[in-house]
Visitor: 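Take a look at the following structure, please.
Positions are given from 1, in the same order as the sequence printed here.
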Amino acid sequence: MKFNPADNIQDLQYFGEFGGVNPSISDSSTYTFLSAKIMLDTFEGNADGCYLYSRHSTPSNLCLGEALAAMEGTETANVAASGMGAITPVLLQLVGAGEHIVSSRTIYGGTYAFLKNFTPRLAIETTFVDITKLDIVEAAITNKTKVLFCESVSNPLLEVADIQALSTLAKKYNLKLVVDNTFSPLSISPAKLGADVVCHSLTKFINGTSDAVGGVACGTQEFIDDLRNVNDGASMLLGSTMDSVRASSILKNMRTLPLRMKQHSHNASFLAHKFEADGLKTVYPGLVSHSSHQLFTSMMNTAYGFGGMLTIDVGSLDKATALMELMQMKNIGYLAVSLGFYKTLFSAPGTSTSSEISVEEQKEMGLTNGLIRFSIGLDNDIERTYKMMKSCMIKLGVL
Ligand SMILES: Cc1ncc(COP(=O)(O)O)c(C=O)c1O
């Protein structure tokens with residue numbers, strides 16, 4: 001049977017403490033034990049169903065983790081206080097001093113800064129590559145390499161990683177393939193394509209209301225246990241724990257993710273086709289002109305479309321700024337970073353979410369000054385939105 005992440009979300013069944021239809025929120029930082037022996041067993045990781053201390057795990061966090069694992073088709077998952085709070089422990093768990101990571105060069109600016117500026121202090125080196133060129137990826141692997149890292153759809157250039165091919169490479173060299181799937185929840189299921197660990201910033205589409213920060217790492221029971229190990233688990237020891245109240249609110253929002261992703265994709269696809277027809281330089285994986293359109297099509301869970309993210313290049317930062325300000329004034333959306341909100345969000349990545357990447361490197365990877373990244377909203381009438389956008393573009397001479 002074909003993997004359908006929405007069915008897995010639909011089929012989640014939790015009962016609250018008093019028969020509630022939502023799981024009860026565990027409002028405790030510490031937990032009692034009926035015997036000292038069970039406490040010891042729990043410390044050693046051998047007492048299923050017992051809780052120790054909320055930095056380790058909480059019933060609410062476990063519920064959200066299990067829901068996300070069901071969505072990604074992994075054995076289990078560990079939630080964290082932010083996307084970075086999920087990604088950084090995963091990498092530190094898998095790679096140690098003297099070892100090496102091969103990473104896509106087009107990734108979220110924060111992850112890039114972590115690998116470029118922070119992990120070298122721990123003697124972990126990273127080679128950044130064009131992830132779409134498998135021969136270049138393979139050539140970058142050394143006998144010190146432990147991890148291949150990429151985003152399924154990259155921030156902000158919307159390059160698409162061939163997860164199956166990267167997984168074959170990872171297996172050949174005994175590496176772990178870690179995929180950040182923040183841009184394409186439901187549309188792409190990286191673990192089903194061979195990724196070992198799938199991370200998300202829950203802050204974006206999965207929560208979807210721009211009121212919470214969160215993250216998750218989905219993987220095998222063994223790896224998630226490693227992350228939570230009280231002696232040497234990076235998640236446990238670095239301590240980026242999600243609050244139980246937040247876990248409960250994100251779980252509730254997650255239930256509408258399939259509906260929302262369909263609408264985000266529908267709207268983004270509509271606009272991308274219109275923009276391209278208008279002669280704008282438009283990047284969207286759903287456009288036949290996208291260099292990885294076929295690849296995305298071959299990997300996707302069709303029902304959820306090509307996602308809600310698109311970019312246009314309006315030629316200069318001045319024009320990009322003027323257009324974004326005008327669109328905000330006309331109430332088309334917000335000039336803001338982040339993604340996955342009900343309203344459209346737009347920003348110029350070169351001077352915002354990717355500003356950690358040096359200007360020379362931005363140039364090399366094709367991140368131009370005039371690039372505007374859109375997270376397209378849930379607009380009920382996208383044709384009306386398009387007309388409003390077009391009139392802003394005409395007014396400013398972008399069209
Ligand atoms: C692709 C991607 N991964 C990770 C992150 C980091 O997530 P958070 O801000 O929740 O730490 C972001 C944030 O923008 C992102 O876009």
Side-chain angles (χ1 to χ4, degrees), residues 5-6 9 12 14 16 20-29 54-72 76-90 108-111 114 151 155 180-186 198-218 224 227 235 238-261 263-264 304 307-309 333-347 352-353 373 375-378:
I9 294 174
L12 294 168
Y14 299 115
V21 294
N22 290 304
S24 305
I25 300 173
S26 55
D27 194 23
S28 295
S29 60
S54 287
R55 176 156 44 79
H56 183 252
S57 67
T58 76
S60 301
N61 288 7
L62 287 191
C63 280
L64 177 61
E66 291 316 310
L68 290 158
M71 182 186 92
E72 287 297 358
T76 188
N78 188 52
V79 296
S82 70
M84 289 306 287
I87 294 165
T88 54
V90 164
Y108 166 59
T111 316
F114 178 69
E151 294 172 1
N155 183 358
D180 179 340
N181 198 29
T182 300
F183 271 35
S184 44
L186 303 181
V198 183
C199 297
H200 281 277
S201 166
L202 304 176
T203 317
K204 313 292 161 43
F205 289 106
I206 291 178
N207 184 55
T209 41
S210 290
D211 58 352
V213 199
V216 71
C218 305
I224 300 302
L227 279 176
S235 293
L238 294 171
S240 67
T241 308
M242 178 174 275
D243 184 75
S244 287
V245 177
R246 207 29 112 189
S248 144
S249 78
I250 295 175
L251 178 63
K252 283 179 276 187
N253 281 8
M254 196 186 146
R255 294 169 183 155
T256 57
L257 182 66
L259 278 175
R260 288 187 281 114
M261 285 318 298
Q263 186 72 2
H264 283 301
Y304 312 101
M309 303 300 294
Y334 292 117
L335 169 46
V337 298
S338 202
L339 37 137
F341 196 39
Y342 85 103
K343 255 189 159 25
T344 293
L345 304 177
F346 31 80
S347 57
S352 59
T353 46
R373 184 189 81 177
S375 161
I376 303 300
L378 299 172

Visitor: Determine yes or no for a side-chain-to-main-chain donor-acceptor pair under 3.5 angstrom, with S60 supplying the side chain and S26 the backbone.
Guide: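 Answer holds: yes.
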
Visitor: Run F205 and H264 through side chain to side chain contact (heavy atoms under 4.5 Å, CB included) and show every step you take.
Guide: CA-CA 9 Å; F205 289 106; H264 283 301; 3.6 Å; yes

Visitor: Under the side-chain hydrogen bond (donor to acceptor under 3.5 Å, both in side chains) rule, collect the residues that match up with S248, sequence neighbours excluded.
Guide: none

Visitor: Report the C-alpha distance between M309 and K204 in whole Å, list the side-chain angles of each, state the deciding distance to 0.1 Å, and finish with yes or no for side chain to side chain contact (heavy atoms under 4.5 Å, CB included).
Guide: CA-CA 11 Å; M309 303 300 294; K204 313 292 161 43; over 6 Å; no

Visitor: Could you grab the distance from atom CG of L257 to atom CG of L186, nearest 0.5 Å is fine?
Guide: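 The distance works out to 4.5 Å.
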
Visitor: Tell me the closest heavy-atom pair linking R246 and D211, and the distance in Å.
Guide: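 Between these two residues, the closest heavy atoms are NH2-O, 2.8 Å.
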
Visitor: Would you be so kind as to tabulate the donor-acceptor pairs closer than 3.5 Å made by side chains of residues 338-346, with sequence neighbours excluded?
Guide:
from : atom 1 : to   : atom 2 : distance (Å)
K343 : NZ     : N331 : OD1    : 3.1
T344 : OG1    : G377 : N      : 2.9

Visitor: What is the distance from atom CG of L251 to atom CD1 of I206, rounded to the nearest 0.5 Å?
Guide: 11.5 Å

Visitor: Do you know which two heavy atoms are closest between V337 and S352, and how far apart they sit?
Guide: CG1-CB, 3.9 Å

Visitor: Closest heavy-atom contact between L335 and S347?
Guide: CD1-CA, 4.4 Å

Visitor: Is there a side-chain contact between M242 and I250, using heavy atoms and a 4.5 Å cut-off?
Guide: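 Yes, their side chains come closer than 4.5 Å.
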
Visitor: Can you tell if the side chain of E151 reaches within under 4.5 Å of the side chain of T182, non-hydrogen atoms only?
Guide: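 No. Closest side-chain heavy atoms not under 4.5 Å.
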
Visitor: If the condition is side-chain hydrogen bond (donor to acceptor under 3.5 Å, both in side chains), which residues does S24 pass it with, not counting sequence neighbours?
Guide: none

Visitor: Tell me if a side-chain donor or acceptor on T203 pairs with a main-chain N or O of G214 at a distance below 3.5 Å.
Guide: yes

Visitor: Where do Y14 and C63 come nearest, in terms of heavy atoms and distance?
Guide: OH-O, 2.8 Å

Visitor: Under 3.5 Å, is there a donor-acceptor pair between the side chain of T76 and the main chain of G65?
Guide: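 Not confirmed, T76 side chain does not pair with G65 backbone.
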
Visitor: Checking side-chain polar atoms at under 3.5 Å, does N22 have a donor or acceptor matched by the opposite partner on R255?
Guide: yes

Visitor: Could you state the interatomic distance from CG (L64) to CG (L12), rounded to the nearest 0.5 Å?
Guide: 10.0 Å

Visitor: Return the minimal non-hydrogen interatomic distance between V216 and A77, and the atom names on each side.
Guide: CG2-CB, 3.8 Å

Visitor: What do the steps show when you test I87 against Y108 for side chain to side chain contact (heavy atoms under 4.5 Å, CB included), and what is the final call?
Guide: CA-CA 11 Å; I87 294 165; Y108 166 59; 5.9 Å; no

Visitor: On a heavy-atom basis, which atom in S82 and which in V213 lie closest, and how many Å separate them?
Guide: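 Smallest interatomic distance, heavy atoms only, reads CB-CG1, 3.6 Å.
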
Visitor: Working to the nearest 0.5 Å, report the span between SG of C199 and CG of N181.
Guide: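 So the SG of C199 and the CG of N181 are separated by 10.0 Å.
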
Visitor: Nearest 0.5 Å, what's the OG-CE distance between S184 and M261?
Guide: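 Interatomic distance, S184 OG to M261 CE, rounded to 0.5 Å: 8.0 Å.
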
Visitor: In terms of side-chain heavy atoms, does N253 have a donor or acceptor partner in R260 at a distance below 3.5 Å?
Guide: no

Visitor: Using modelled atom types only, decide if a donor and an acceptor are shared between the side chain of T58 and the backbone of N61 within a distance under 3.5 Å.
Guide: yes

Visitor: If you measure from CE on M254 to CE on M71, what distance do you get to the nearest 0.5 Å?
Guide: 5.0 Å

